Undergrad: 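Sharing a structure below in structure tokens format, with a few things to ask.
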Amino acid sequence: MGIFKKKKHDTTDTRTRGMRITETFILPIYGPAQIGDSTKPIRPVNDEEAAREADMQERLERKVAADGTVYFVEREN
């Protein structure tokens with residue numbers, strides 16, 4: 001009858017109202033979440049980088065300040 005008549009949704013749809021809104025309006029714009037390991041390197045580590053990392057591990061020590069910041073200092077041998 002009127003333009004404000006409540007629309008009936010499919011009774012076989014078991015999704016919640018929030019999921020229906022998400023899948024109808026948000027996902028077409030932003031797309032699905034990225035799946036995979038974001039910490040995995042995009043390319044393999046070469047020999048020069050591996051040597052530099054090993055040298056840093058031997059020479060430097062990781063410290064955490066009282067405010068939570070991280071810094072490196074030379075190891076005392």
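These numbers were taken from a predicted model, which means no experiment stands behind them.
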Undergrad: Quick check for you: to the nearest 0.5 Å, what is the distance between Leu27 atom CG and Ile21 atom CD1?
TA: 12.5 Å

Undergrad: Got a donor-acceptor contact below 3.5 angstrom from the Arg62 side chain to the Val73 backbone?
TA: no

Undergrad: Check whether Arg20 reaches the backbone of Arg15 with its side chain - one donor and one acceptor, N or O, closer than 3.5 Å.
TA: yes

Undergrad: How long is the straight-line distance from CZ of Phe72 back to NZ of Lys63, given to the nearest 0.5 Å?
TA: 12.0 Å

Undergrad: Pro28 and Thr22: which non-hydrogen atoms are nearest, and at how many Å?
TA: CD-O, 4.4 Å

Undergrad: Using side-chain heavy atoms (C-beta onward) and a distance below 4.5 Å, is Leu60 in contact with Glu74?
TA: yes

Undergrad: Distance-only, no hydrogens or angles: does the Glu58 side chain make a donor-acceptor pair with backbone N or O of Asp55 under 3.5 Å?
TA: no

Undergrad: Hey, is CZ on Arg75 packed in by over 12 heavy atoms from elsewhere, all under 6.0 Å?
TA: yes

Undergrad: Could you walk me through whether Thr69 and Val64 pass side chain to side chain contact (heavy atoms under 4.5 Å, CB included), step by step?
TA: CA-CA 6 Å; Thr69 57; Val64 180; over 6 Å; no

